[in-house]
Trainee: 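Would you mind keeping the following structure in view while I ask a few things?
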Amino acid sequence: MSNSTKLDIQNLNAWFCEKHALKNVNVKIPDKEVVAVIGPSGCGKSTFVRCINRMHELIPGAKASGKALLDGVDVYGGMDVMDVRRKIGMVFQKPNPFPNMSVADNVVAGLKLVGTHSKKELAEIAEERLKSVGLWEEIKDELKKSGASLSGGQQQRLCIARALAMNPEVILMDEPTSALDPASTAKLEELVKKLKNEISVVIITHNVSQAARISDMTAFFYLGELVEFDETRNIFEHPKNPLTERYITGRFG
Amino acid sequence: MPRRNSRFFNLQDSVFKYLLIGVSAFVVLLFITLFYMLIDRSFPSISINGLSTLTGTVWNSAAGIFGAVPAIAGTLFSAVIATLFAIPISLGVAIYFTEYAPSRIKSVLSLFIDLLAAIPSVIYGIWGLWVISPLIKIYVQQPIVGAIGFIPIFAGPAYGLSIFLASMILTIMVIPIISSLSIELLGGTPPSLREGLISLGATKWETVRHVGIPFARLGIFSAIILGLGRALGETMAVTMVIGNSYLWPFETSSLFAPATTITSKIASELYEATSTLHIASLIELALILLVITLLINTVARLIINRTIKRGYY
Amino acid sequence: MDILSRRGRERLIKYICLLLTVLAVVPLLWIIGEVVYNGVSAINLEFLTALPAPFGESGGGIGNAILGTLIINAMASLFGIPVGILTGMYLSEYDRTSRLGSAVRTVIESLSGVPSIIFGIFAYSLIVLTVRHYTAIAAAFALGLMMIPLIAKATEESMKIVSNDIREAAIALGVPKWVRTTKIVFSIAKGGILTGCLLAFARISGETAPLLFTSLFSFYWPIGIDQPMASLQVLIYNYAMSGFQNWVIKAWGASLLLVIIVVSINVIVRRFAKPKYKAGV
């Protein structure tokens with residue numbers, strides 16, 4: 001698999017006040033593929049991903065340096081931060097639909113709140129996106145209900161639909177299934193595999209077998225450093241770094 | 001085009017942010033102006049009367065004499081007495097609420113406490129004036145005067161409208177403040193501490209006495225201070241039942257005599273005051289009241305905030 | 001039963017506390033009872049719609065006071081609610097322990113401890129003495145100022161409670177901050193904010209001292225907001241103190257109206273809102 005590079009991350013460093021959380025990360029995220037980010041707790045996976053859409057800097061005392069080139073334009077400095085987040089979407093560990101909005105409004109929230117489309121267009125986009133995440137059949141009669149009234153798995157898919165409605169180039173997922181039951185997790189994994197036909201997916205997971213199931217490439221982080229980045233098959237069958245092998249076989253983390 | 005959108009949004013964000021900053025700064029400015037205006041308008045009195053406002057016992061606007069001691073005495077006495085009487089009642093309410101009241105009664109009781117605080121003071125005033133005053137005069141004051149009227153503070157004649165009545169009404173008004181805060185504080189006792197004592201077979205009262213109250217005592221103290229602050233600043237109810245007279249405490253020390261407080265003096269005289277000095281003297285009184293109540297409230301709130309947040313005494 | 005035994009003491013204390021509670025509650029029921037009993041006879045259509053009759057004559061009404069209270073409260077709310085909400089928004093979403101933020105917080109805490117008569121004197125000094133006549137605008141200013149700390153606190157607390165996950169979701173969508181603050185966080189918090197506004201409104205409906213030397217009183221329909229204006233509260237004060245029977249009864253009637261407003265708002269708020277928001281303390 002050799003798709004072109006979507007995100008070229010160069011010399012990325014991140015800090016929480018004095019703590020150096022990410023050390024010189026260099027990685028090229030390919031287009032239209034699923035990249036899994038794995039590693040033990042506290043290894044910097046979440047920090048890494050949040051640096052990509054510049055959510056890391058929102059934490060008081062947090063800093064980042066380096067470059068992250070999205071199709072050649074640096075996310076740090078080459079474009080406005082709001083545009084960064086429109087082009088790089090994010091889904092969180094705990095589903096967070098807006099409770100004050102209906103399901104339909106939640107899907108198109110990113111568009112509707114900034115007033116860029118007509119009502120008709122929004123309704124069409126909502127339907128299309130709900131279909132693409134497999135929610136349409138389930139809730140098409142309940143579009144007016146509050147976004148928070150759905151089940152956990154449905155809420156998470158709603159959040160994915162909401163992120164996708166912005167037509168991003170990349171979608172980041174921070175352990176999206178860790179709060180879900182196995183059935184919902186399976187549905188979500190199917191969805192992720194489908195998504196890579198449209199956009200790049202970077203998914204953090206603490207579940208190593210999930211990474212093996214759904215990703216094309218895998219990045220292994222340890223103590224703030226990117227230890228190994230390779231095709232998933234290689235990582236799991238012949239990892240080059242002994243740390244990688246120990247993590248995958250469950251000897252720590 | 002994305003680029004133009006972003007710049008527009010950033011502009012909107014800046015405008016909104018400065019709007020919020022402006023309004024907040026405006027609020028601070030208003031507060032500063034409050035002080036400034038009070039000081040400015042009372043300045044003629046401060047400069048001409050000097051300390052005599054605080055030491056004089058005669059108030060004669062026609063003659064230009066503005067001694068406020070009876071008013072200050074009335075304020076302090078009624079507020080302190082009211083708070084003292086309110087303490088045991090409020091604590092009783094709080095203990096009953098947290099330890100003994102069945103839950104159906106709790107919601108009703110909680111509503112009642114809120115309503116006690118919400119009833120406008122002018123209604124306390126009309127009730128005190130037309131309902132309680134005659135009753136107190138006939139059934140409480142006159143008998144007492146008859147029995148022990150030779151003691152100066154219980155001497156007759158029994159005016160219904162008096163410092164006694166004002167203190168009574170103030171007591172009722174202070175109760176909801178102390179009790180609602182005490183309920184919150186006692187309710188915040190860490191369950192583990194309570195359960196520890198209960199599992200040793202302690203009664204509810206013993207639990208409250210040895211765990212609840214010690215835990216909350218600082219907070220309860222500040223609730224009391226807050227109640228005192230409220231009593232000091234109360235205007236309408238006091239004005240309507242205190243009789244507005246300088247008789248007390250110097251011409252008679254009887255509790256059944258009419259008296260004056262700072263607030264009742266301002267409320268009843270400011271409208272008719274014409275000379276600048278008269279107005280300035282009244283505003284000086286207001287300034288004194290402001291400083292006292294601010295000090296009291298600030299100290300109390302500081303203690304309460306820290307107690308509730310930290311959860312320790 | 002040995003009074004000094006532990007169980008005996010427990011029962012004694014329980015009954016003492018119960019007694020004290022009854023002692024605290026009785027005045028409330030008594031006041032409401034008296035207001036209803038004395039005021040109900042005064043209420044009729046003429047009472048609600050007519051102007052006061054000349055002193056000494058029977059009949060007449062308090063229509064001007066009802067209207068005046070509505071006008072003054074409306075003006076006060078127009079001032080106090082937006083300022084309170086915007087300040088609360090600032091404290092919740094925009095302030096990162098800056099100096100302005102601490103100053104605002106201190107001011108708001110202090111303002112809530114200031115006696116209401118002081119607000120009246122402030123308005124009197126600032127406005128009435130400057131324009132040399134009594135005016136309802138000064139009253140609205142004083143009352144609005146009293147609303148600000150109540151509403152700012154309610155707004156800040158309601159917005160702070162909104163989970164940060166929601167804010168993150170909005171940020172990740174690239175939504176501008178002002179949109180996130182108003183259309184998302186504020187929108188979620190609006191229940192608590194509405195509660196705060198209602199309670200603040202109930203509070204100022206009962207405040208009389210700030211009106212005594214600002215809007216004063218009037219025996220006529222409100223002619224202009226820059227003139228003195230009648231109000232329920234001042235009417236109660238004046239009429240109750242007058243000693244004139246016709247007027248005293250009207251004062252009770254006006255008290256009944258006021259009590260109905262205040263009690264209704266408190267009851268409604270309790271049914272629909274979180275228990276955190278108790279009246280005024």
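Note that these values count all heavy atoms, side chains included, but never hydrogens, waters or copies made by symmetry. Residue numbers begin at 1 in each chain, while the letters A, B, ... track the order of the sequences.
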Trainee: Under the rule for ring-ring contact (aromatic ring centres under 6.0 Å, His included), what residues qualify as partners of C:Y90, not counting sequence neighbours?
Mentor: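 C:Y90: no ring-ring contact (aromatic ring centres under 6.0 Å, His included) contacts found.
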Trainee: Between C:Y237 and B:T239, does a side chain to side chain contact (heavy atoms under 4.5 Å, CB included) hold up when you go through it step by step?
Mentor: CA-CA 9 Å; C:Y237 173 61; B:T239 307; 3.6 Å; yes
Trainee: How far does CD1 of C:I31 sit from OH of B:Y124, to the nearest 0.5 angstrom?
Mentor: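 That separation rounds to 4.5 Å.
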Trainee: Scan side-chain atoms only and decide if C:R270 and B:S110 contain a donor-acceptor pair under the 3.5 Å cut-off.
Mentor: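 Yes, B:S110 and C:R270 have a side-chain donor paired with an acceptor closer than 3.5 Å.
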Trainee: Please look at B:I296 and chain C and tell me whether the side chain, the backbone, both or neither of the residue comes under 4.5 angstrom of a heavy atom of that chain.
Mentor: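 B:I296 has no heavy atom closer than 4.5 Å to chain C.
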Trainee: Begin with the C-alpha distance, continue with both residues' side-chain angles, and end with the deciding distance and a verdict on side chain to side chain contact (heavy atoms under 4.5 Å, CB included) for C:W252 and B:I126.
Mentor: CA-CA 8 Å; C:W252 283 110; B:I126 188 175; 4.0 Å; yes
Trainee: Show every salt bridge (charged side-chain N to carboxylate O under 4.0 Å, His left out) that has at least one partner inside residues 278-295 of chain B, sequence neighbours left out.
Mentor: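 Qualifying pairs, neighbours excluded: none.
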Trainee: By the definition side-chain contact (heavy atoms from CB on, under 4.5 Å), identify the one residue from C:L145, C:L86, C:I148 that meets it with B:V27.
Mentor: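 In the set C:L145, C:L86, C:I148, the residue that makes a side-chain contact (heavy atoms from CB on, under 4.5 Å) with B:V27 is C:I148.
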Trainee: What's the shortest heavy-atom distance between C:P27 and B:W127, and which atoms?
Mentor: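 Looking at all heavy atoms of both residues, the shortest contact is CB-CH2, 4.2 Å.
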Trainee: Could you tell me whether a side-chain N or O of C:N266 sits under 3.5 Å from a main-chain N or O of B:L115, the two making a donor and an acceptor?
Mentor: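 It does not hold such a pair.
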Trainee: Run the side-chain contact (heavy atoms from CB on, under 4.5 Å) test against C:N238 and tell me which residues pass, sequence neighbours left out.
Mentor: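 For C:N238 the side-chain contact (heavy atoms from CB on, under 4.5 Å) partners, ignoring immediate neighbours, are C:F217, C:V234.
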Trainee: So what's closer than 4.5 Å to chain C heavy atoms on B:I89: side chain, backbone, both or neither?
Mentor: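 Both backbone and side chain of B:I89 come within 4.5 Å of chain C.
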Trainee: What part of B:T263 lies closer than 4.5 angstrom to a heavy atom of chain C: side chain, backbone, both or neither?
Mentor: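 For B:T263, backbone and side chain are both near chain C.
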Trainee: Of the backbone (N, CA, C, O) and the side chain (C-beta and beyond), which part of C:S98 lies under 4.5 Å from a heavy atom of chain B, both, or neither?
Mentor: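 The answer is neither part of C:S98.
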Trainee: B:F16 versus chain C, heavy atoms under 4.5 Å apart: side chain, backbone, both or neither?
Mentor: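 The side chain, not the backbone.
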Trainee: When you measure from the side chain of B:W130 to the backbone N and O of C:A240, does any donor-acceptor pair fall under 3.5 Å?
Mentor: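 Answer holds: yes.
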Trainee: Parallel, tilted or perpendicular for C:F79 and B:F26, by the 30°/60° rule?
Mentor: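 Correct class here is perpendicular.
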Trainee: What closest approach, in Å, do C:Y124 and B:I279 show between heavy atoms, and which atom pair accounts for it?
Mentor: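 So the minimum-distance heavy-atom pair works out to OH-CD1, 3.5 Å.
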Trainee: Would you check, one step at a time, whether the test side chain to side chain contact (heavy atoms under 4.5 Å, CB included) holds for B:L302 with C:E109?
Mentor: CA-CA 10 Å; B:L302 271 174; C:E109 281 298 328; over 6 Å; no
Trainee: Could you go step by step and tell me if B:L290 and C:V114 meet the side chain to side chain contact (heavy atoms under 4.5 Å, CB included) rule?
Mentor: CA-CA 7 Å; B:L290 175 62; C:V114 170; 3.9 Å; yes
Trainee: Give, for atom CG of B:N10 and atom NZ of C:K177, the distance between the pair rounded to the nearest 0.5 Å.
Mentor: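 These two atoms lie 12.5 Å from each other.
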Trainee: So which part of C:F141 gets closer than 4.5 Å to some heavy atom of chain B, the side chain, the backbone, both or neither?
Mentor: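 Contact with chain B: side chain only.
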Trainee: Any idea which of B:V15, B:I113, B:I21, B:I95 has the most non-hydrogen atom pairs under 4.5 angstrom with chain C?
Mentor: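 That would be B:I21.
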Trainee: If you count heavy-atom pairs under 4.5 Å between each of B:L294, B:I172, B:L270, B:L282 and chain C, which one has the most?
Mentor: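 Sorted descending by pairs with chain C, the first entry is B:L270.
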Trainee: Roughly how far, to the nearest 0.5 Å, is the CD1 atom of C:I117 from the CD1 atom of B:I266?
Mentor: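 CD1 of C:I117 is found 4.5 Å from CD1 of B:I266.
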Trainee: So which of B:I119, B:I132, B:V93 has the biggest tally of heavy-atom pairs under 4.5 Å with chain C?
Mentor: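 Ranked by contacts with chain C, first place is B:V93.
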Trainee: Any residues in residues 17-24 of chain C near chain B, with a heavy-atom distance under 4.5 Å, and which are they?
Mentor: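 The stretch touches chain B at C:C17, C:L18, C:L20, C:T21, C:L23, C:A24.
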Trainee: Between B:I283, B:T171, B:T298, which shows the greatest number of heavy-atom pairs under 4.5 Å with chain C?
Mentor: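 Maximum pair count with chain C is reached by B:I283.
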Trainee: Who among B:V131, B:D40, B:L129 has the most heavy-atom pairs with chain C under 4.5 Å?
Mentor: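 Highest number of heavy-atom pairs under 4.5 Å: B:V131.
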Trainee: Examine whether an atom of B:M236 lies under 4.5 Å from a heavy atom of chain C, and if so say whether it belongs to the side chain, the backbone or both; otherwise answer neither.
Mentor: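 Just the side chain, heavy atoms under 4.5 Å.
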